[in-house]
Structure formats: C-alpha cells, structure tokens
There are 2 protein chains.
Amino acid sequence: MSRPGESSREPDGRRAKTALFDEFARLAQALANGRRLEIVDVLANGERTVERLAAETGLSVANASQHLQVLREVGLVRRRRDGTRIYYELRDAEVFDMWRNLRNVAAQHRAEISQLAEAYLGARDSLEPVTRADLLRRLKRGEDVVLLDVRPTEEFTAGHLPAAISIPLAELRRRLRELPRDKEVVAYCRGPYCAFAHKAVRILQQAGFHARRLEDGLPEWRAAGLPVIAMGERRS
Amino acid sequence: MSRPGESSREPDGRRAKTALFDEFARLAQALANGRRLEIVDVLANGERTVERLAAETGLSVANASQHLQVLREVGLVRRRRDGTRIYYELRDAEVFDMWRNLRNVAAQHRAEISQLAEAYLGARDSLEPVTRADLLRRLKRGEDVVLLDVRPTEEFTAGHLPAAISIPLAELRRRLRELPRDKEVVAYCRGPYCAFAHKAVRILQQAGFHARRLEDGLPEWRAAGLPVIAMGERRS
DNA sequence: CTAATATTCAAGTAATCGATTAAAGACTTG
DNA sequence: CAAGTCTTTAATCGATTACTTGAATATTAG
C-alpha cells in the first residue's frame, strides 16, 4: 500500500502525523519571538497602524512590518486598509486568550519571569493590586472609587471601563488637581505587563494620593465579558 | 541615570521590556516543534516513561529525552522517578489548556491544518461526531448508548469516562461480538487529533454497527470538569 | 506627479536547531 | 559490588533558519 522502502508499520500515518503537528508548531513558532509578542500585547488593546506599532515597540517600520507578516501568515492578525495606512488587529478573541494563557503559564512556572517583570515594572507593589472582582464589588456597593485610565487618549476613546476618567500617563503630573484626595484612585492601563499603571500609582502615592493599581488592564476586562464603553471612533 | 550612550528616552525600560518578552517567547519556542507537541498531546492523557513516550512518538529514546528536557526547562512538564524509570507528565491543567488553545486557533484560521488533519485521520467523517453536550444529554436521558474506549488498556485503567468499556483498537476486530448491534456505539480516544477513534468507527461501520465518534477525547472531558473514573493505579 | 505609508528584496550575520551516536549516570537487583 | 535497565548528557554534523537593516518598490491620496 505504501512505498516499499518503509519498514515500520503505518509509515504513511507517521508521515501525515508529522506534517500535521509540524503545522501546529508553525503557529507556536510565530509566537516565539519577543518583539512579536510585544506587538500582540499592544494589538490586544485595539487596532494600530504599522507606523504607530513601530513607534510603540521601538522597531523600525520595515522590521515591524516583517513581524506583522509573520503573524499574518499564520492567521494571528488581520488588517484593513484605510487610505494610505493599514491597520492591524488580532484576528479574534481566542488569539488574545492564547497570549494570556502563554504569559500565565510562563509567570507561574518560571522564576525568571517574575524577576524580569520586577525589573521592568518596578519594585514589587507596595500595595496589593485591586482585583477585578474587588473593583466590581466596590463599584456595585457605590463605594468612593475613582477609576483612572492612564493610557493614551486614542485608546481611551476606542474603549474604556465604565465611569473611568482619562488622564494619559504623560500628563498625570500636571493634572493632579483633577483627582480627589478623599477617594481611592484605581489606575489601569493595557494589562499586567504594561508599565503605565505602575508608574501612575507611584506618582500618585508620592503626591500623597490614596492610589492602587487594577491587577490587569482593559483587554482582560473585555475578555471577561464585562462592559466596555467606546466613543465615536475612526477619525477622518 | 542610565548609560550616556543611549539617546532615546527610557533606555533601561526598553531593555527590561525586551528581556521580559524574550522570556515569554522562550516558552513559545519550546512549543514550536512538532515532535514536542506530539509529546504534549500524549502526556495530556497521563504520565509516561521516556521509553514509552519514545515508542509512541517514533523517536529514539535519546531524542525523546532531549525534547523532554526542553519542555522541562520552561516548566511545561515535570517528572518523578520510580526505581529505574522516570515518569513525565504535564505540569498542570493550564499547560493542557494552552495546547488546546494553540490547536484550536490553528484549526480555525489555517486551511493547511484541516487538509493535513484529513490526510492523517482519514476522509472527513461520514457522520458528524457526537459532541460532549450531546453525549451527556443522551446518557442522562438513559438512551441506549455504548461508550467505547479504544485506547490502550493502561490508559483506560488510569482514567476513563463513566460507564465506558475498554477495547483497545488493536483488539477491536476480534472482539466485535462483545458489542451490541442494537445500540449506538460511541468511540473515543486521546483527543481530536488521535487516530484511534476514527479508525475504530471505520471498522465498526464496515462491520455493520451503528457507530460514531466522540468529538474529542479523555483529556478534554477531564478539562471540562466532568467525572473520570480511575482504577487502582501504579502497578508495582 | 508628489507625498505618505507600507511591503518587499537582498544581504549579512548570527544563531539555532534537531538527530545521531556513544559514553556517562542513576538506580535496582542478585 | 557487579551486571542490567533506563535515562541523560556531550559531541558532532549538517543544515537551516531567524532577525535586522537599508534600499527599492507598491499602493493610495491629492
């Protein structure tokens, strides 16, 4: 039935199985690069043009584009054209799940990760972050909490937590007076490995505010099926 | 603050972020090999010795061992020693989730996968497979269904669906008389990319039985939190 | 046509990867 | 402790692949 040279049983089955699993491996291969994972992490917050993506990740435009092609070939991202720009976004929610899954497994089992995370995000939180469940409970009870979105304005516009106010991290220092000193301020950003909220909490605490960080960011909130508010998008 | 040669803002932050995401990428890298994914897929069904794993995947023992070290270094598997053998198993349920997530995303977005899956598992199912929900509904109603586990006996012993009977695929042809002809036979094995159940259904249908395949296997059943029956394990 | 944005190409460097073989380790048993 | 079983490690080879950069090319808008 199969070619005569093969000695083991099921030679064709073996070959077919190998090909199939190699194909699965191609998907993992596309994720097996730190720069591409950074791109995925940014895209989890919404679509981006190549240029912006390049700026946010510190890559050259050409380089970012190449990485995007790798992600696109395996179906992790898709794109749409708008005039001369091209916007990329994650293919669907499952792609984000996969990234979250990957980083959770990594964080749980690898000491290196927590060290590197600490090096990047700053010393271990002086205060425990607020969990999503916590926050929901407190909001429902009507407790005095101010939710602060410290991401760039565009991202806030594209989608934010209900009742959140927007002060991009870069403007935080000079807009401190907009925040109340008698309530707790809960800051959030793009996710657990985004530095914005960490930095914001440090600034606020130094300025004497009662501030904490939400344990993770907008993408996780959305993935949990919680409501997200978007304002009229897609500037001309 | 940071070294003088760096021109861009946040030079240390960049470096730290790069290191962090590179570390995440190492985990994906460990999954980016077809042979290692085959190993993960087998281990999802329970622990295995190196020798057995090698036999089941068609690798040399040394080669299998090397792949296992790669998986172990990133924390995807762990091992225990029993006398002269070493048993490997997946670190925890999240690892299996990740593998399932990976293969789902791959299957959804890549035409290559379905072609290769068909080449390996045989022509597209003549009958739709039975879903887990379907099966549960029918069992609850007390409908006449025979659940057939076609994996090797050891795996059945280590854990199987409630009320399932065990006939390893290799013995199926000569044990056909143990199966009833007036009930539907639902066969299952290690998962959606395991060929056993596909082959079993083909054998049974040819022999005139009313047979279908469960859409996925024991690991998915267990991951769904459904009950699994284990018989006194760990032979001396 | 020009400007703006994105992709592709070519090139170079480096690095990695995977399989095999043989030797070494670890443990058990007699 | 010597022999036997199972597993890991080291060395090697071949080949391939991966990533970045800079220049050239597409694509679209105006």
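Throughout, protein chains are lettered first and strands after them, A, B, ... in sequence-line order, and every chain is numbered starting at 1.
Note on A/Arg85: every side-chain N or O is 4.0 Å or more away from OP1 and OP2 of D/dA29.
At a threshold of 4.5 Å between non-hydrogen side-chain atoms, the residues A/Val61 and A/Leu53 do not count as touching.
The nearest whole Å value for the distance from the CG atom in B/Asn33 to the P atom in D/dT17 is 13 Å. Computed from coordinates, the B/Ile86 CD1 to D/dT8 P distance equals 4 Å when rounded to whole Å. As a whole-Å value, the separation of A/Asp82 CG from D/dG30 P is 10 Å. Nucleotide D/dT28 holds its P atom 15 Å from the CZ atom of A/Arg80, rounded to whole Å. Between the OH atom of B/Tyr88 and the C1' atom of D/dC6 there is a distance of 11 Å, given to the nearest Å. To the nearest angstrom, P of D/dT21 lies 11 Å from CZ of A/Arg35. Atom-to-atom, OH of A/Tyr87 to C1' of D/dT28 comes out at 14 Å; the value is rounded to the nearest Å.
Salt-bridge annotation for A/Arg48 and A/Glu56: present, with a side-chain N of the basic residue lying under 4.0 Å from a carboxylate O of the acidic one.
Note on A/Arg79: only backbone sugar-phosphate atoms sit closer than 4.0 angstrom, heavy atoms only; bases stay farther off. A/Arg36 comes within contact range of the sugar-phosphate backbone alone, with a heavy-atom separation under 4.0 Å but no base atom that close.
Atom CG of A/Leu76 and atom CH2 of A/Trp99 lie 12.5 Å apart (nearest 0.5 Å). Note: B/Asn45 CG to B/Glu155 CD = 5.0 Å, rounded to the nearest 0.5 Å. The CZ atom of A/Arg213 lies 14.0 Å from the CZ atom of A/Phe196; values are rounded to the nearest 0.5 Å. In this structure, the separation between CG on A/Asn33 and CD on A/Glu38 is 9.0 Å, given to the nearest 0.5 Å. With values rounded to the nearest 0.5 angstrom, A/Arg85 atom CZ is found 10.5 Å from A/Arg80 atom CZ. The distance from the CG atom of A/Leu90 to the CG atom of A/Asp41 is 9.5 Å, given to the nearest 0.5 Å.
Map A/Gly83 and A/Ala32 each onto its nearest nucleotide of DNA chain D; the residue landing nearer the 5' end is A/Ala32.
Looking at A/Arg202, its side chain never comes within 3.5 Å of a backbone N or O of A/Ala197 through a donor-acceptor pair.
For B/Arg151 and B/Phe156, the positive end is not near the middle of the six-membered ring at less than 6.0 Å and at most 45° from its axis.
Near DNA chain C, meaning a heavy atom under 4.0 Å from it, residues 54-67 of chain B has B/Ala62, B/Asn63, B/Gln66, B/His67 in order of number. Within residues 22-30 of chain B, the residues having any heavy atom under 4.0 Å from DNA chain C are, by residue number, B/Gln29.
The environment of A/Arg173 atom CZ is sparse: at most 12 non-hydrogen atoms of other residues, nucleotides or ligands sit within 6.0 angstrom.
Considering every non-hydrogen atom in both B/Leu102 and A/Met98, the closest pair reads CA-SD, 3.5 Å.
Judged by distance alone with a 3.5 Å cut-off, a donor-acceptor contact links the side chain of B/Thr84 to the base of D/dT5.
From the 5' end on, the contacts that DNA chain C makes with chain A at under 4.0 Å to a non-hydrogen atom open and close at C/dA4 to C/dC9.
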